[in-house]
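Presented below is the structure to which this report refers.
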Amino acid sequence: MTLPLNLTLPQWLSLAALFIVQFLAAFYLQGMAILAPAFAAAYHLDALQVSTLISIKAFGSVLGGLALGASLDRINGRHLPWIGLLSALLLLGFAEKWIAGYSVLLGSMLILGMVLPVFSILGLYAITHDYPAHQVGKLLGIRQSVIPLGGIVAGSVFPLLFAAGLFPVLGGMGVLICGMTLLLLIAVRWTLSTPSVSLSKEAASHVPLRILWPVGLVVFLLGAGQFSVLVFALFYLHILAIHAAWIGGVLFGLFLSGGFLARIVAGFLVDGIVSLKRVFAAILMIGVLTMIIWGSFPDHPVV
């Protein structure tokens with residue numbers, strides 16, 4: 001049975017599961033960042049300790065991504081979703097208040113960060129290896145578009161959950177991770193068991209570094225740049241003497257909504273309408289234009 005986009009029903013169901021997992025992963029990731037003040041209060045942390053906690057989790061994601069990428073070159077992806085349950089166990093350990101002491105807290109955050117890439121990289125791997133090559137750009141664009149949606153929902157929901165306390169919320173997150181792991185397991189078993197388009201492992205393992213480093217540099221600069229602009233935008237609101245939290249929330253929502261639209265549009269463009277180099281050139285021009293507009297703002301606006 002073939003459905004729109006020339007996908008079979010199992011492929012559509014798998015794709016829906018991958019979208020839901022990516023949405024929940026973004027919800028979880030943004031929610032953990034929002035919970036930083038609650039961690040500070042519960043564990044009596046100062047600003048340096050909280051920032052170290054966030055950084056060690058991010059560093060764990062880097063290590064986990066490298067380890068998972070190397071594993072996928074040797075192991076079938078169907079066997080890897082179970083790793084997600086490590087996060088669930090840790091979060092349930094938080095809920096039971098078994099995680100005590102700053103050093104144990106740091107170690108737990110490192111492990112949580114290392115496990116997180118499972119939910120994003122396996123979905124990426126499944127789409128790029130097991131769906132029609134001419135549809136990959138669209139599917140990736142749509143899948144990636146749910147990331148800002150997850151962030152928007154988390155930004156709306158998690159401030160309301162503070163009343164319940166940190167540890168019950170973390171317990172709920174543990175249950176959420178269990179559901180994400182189950183969905184991911186179902187999704188990859190439907191797709192990775194019958195691969196259709198993929199590069200050979202030999203070819204993938206011999207990609208020269210001179211090809212990879214420019215792409216990595218672009219990704220790093222784009223990621224760092226967009227969040228830096230967001231931070232300075234919030235700081236600019238402070239200069240304007242605008243301290244209402246909802247205005248910052250609207251700004252954050254606009255930031256994520258732009259990412260939502262850009263992911264979808266870029267995915268459709270890459271699937272044959274324009275070349276990838278032209279897409280990057282358009283991104284460059286948009287970035288330069290926004291910096292010119294940003295630079296035209298007065299240093300000390302009159303309010």
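Here the structure is a predicted model, which is why all the values come from computation and not from measurement.
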Problem set entry | Under 3.5 Å donor-acceptor, T181 side chain and W82 backbone | no

For this session: Kindly give the heavy-atom pair with the smallest separation between R143 and L18, and that separation in Å.
Result: NE-O, 4.4 Å

For this session: Using a 4.5 Å cut-off on heavy atoms from C-beta on, say whether the side chain of L91 contacts that of Y28.
Result: yes

Exercise. Between atom OG of S61 and atom CG of L66, what is the distance when rounded to the nearest 0.5 Å?
Worked result: 11.0 Å

Problem set entry | Hphob cluster co-occupancy, L63 + V118, side-chain heavy atoms under 4.5 angstrom | yes

Seminar exercise, completed: Of I99, V50, L53, the one forming a side-chain contact (heavy atoms from CB on, under 4.5 Å) with Y43 is I99

For this session: Kindly indicate whether the side chain of M114, heavy atoms from C-beta on, has any atom under 4.5 Å from the side chain of L68.
Result: no

For this session: Over all heavy atoms of both residues, which pair between S108 and L90 is shortest? Give the atoms and the distance, please.
Result: O-CD1, 3.7 Å

For this session: Evaluate the side-chain proximity of L80 to Y125: yes if any heavy-atom separation is below 4.5 Å, no if none is.
Result: no

Seminar exercise, completed: Rounded to the nearest 0.5 Å, the CG atom of L182 sits from the CG atom of L85 at a distance of 9.0 Å

Exercise. Is a donor on one side and an acceptor on the other found under 3.5 Å between the side chain of Q22 and the backbone of F19?
Worked result: no

For this session: Check whether V175 and I186 end up in the same hydrophobic cluster, where Ile, Leu, Val, Met, Phe, Trp and Tyr are linked by side-chain heavy atoms less than 4.5 Å apart.
Result: no

Exercise. Is the CZ atom of F59 crowded by more than 12 outside heavy atoms at less than 6.0 Å?
Worked result: no

Exercise. Is M109 close to F39 at the side-chain level, that is, under 4.5 Å between some pair of heavy atoms?
Worked result: yes

Problem set entry | Joint cluster assignment, V104 & L110, ILVMFWY side-chain distance < 4.5 Å | yes

Problem set entry | Check: L89 and I177 side chains under 4.5 Å, non-hydrogen atoms | no

For this session: Search all heavy atoms of G65 against all heavy atoms of I121 and return the closest pair with its distance.
Result: CA-CD1, 3.8 Å

Problem set entry | Shortest non-hydrogen contact between S14 and A187, atoms and distance | OG-O, 2.9 Å

Problem set entry | Validation row: L35, L166 side chains within 4.5 angstrom (heavy atoms) | yes

Exercise. Is L116 close to L112 at the side-chain level, that is, under 4.5 Å between some pair of heavy atoms?
Worked result: no

For this session: Under the side-chain contact (heavy atoms from CB on, under 4.5 Å) rule, what do I20 and M180 come out as? Steps first, then yes or no, please.
Result: CA-CA 8 Å; I20 295 172; M180 289 166 57; over 6 Å; no

For this session: Can you see which heavy atom on G113 is nearest to which on P117, and at what distance?
Result: O-CD, 3.1 Å

Exercise. With a 4.5 Å heavy-atom cut-off, do L45 and L105 have their side chains touching?
Worked result: yes

Exercise. Out of curiosity, does L86 fall in the hydrophobic cluster containing L92 (side-chain heavy atoms, cut-off under 4.5 Å, transitive links)?
Worked result: no

For this session: Taking all heavy atoms of Q49 and all of H44, pick out the closest pair and write down the distance.
Result: OE1-O, 3.9 Å

Exercise. According to a 4.5 Å side-chain heavy-atom criterion applied to Ile, Leu, Val, Met, Phe, Trp and Tyr, with indirect links allowed, do V146 and V157 form part of one hydrophobic cluster?
Worked result: yes

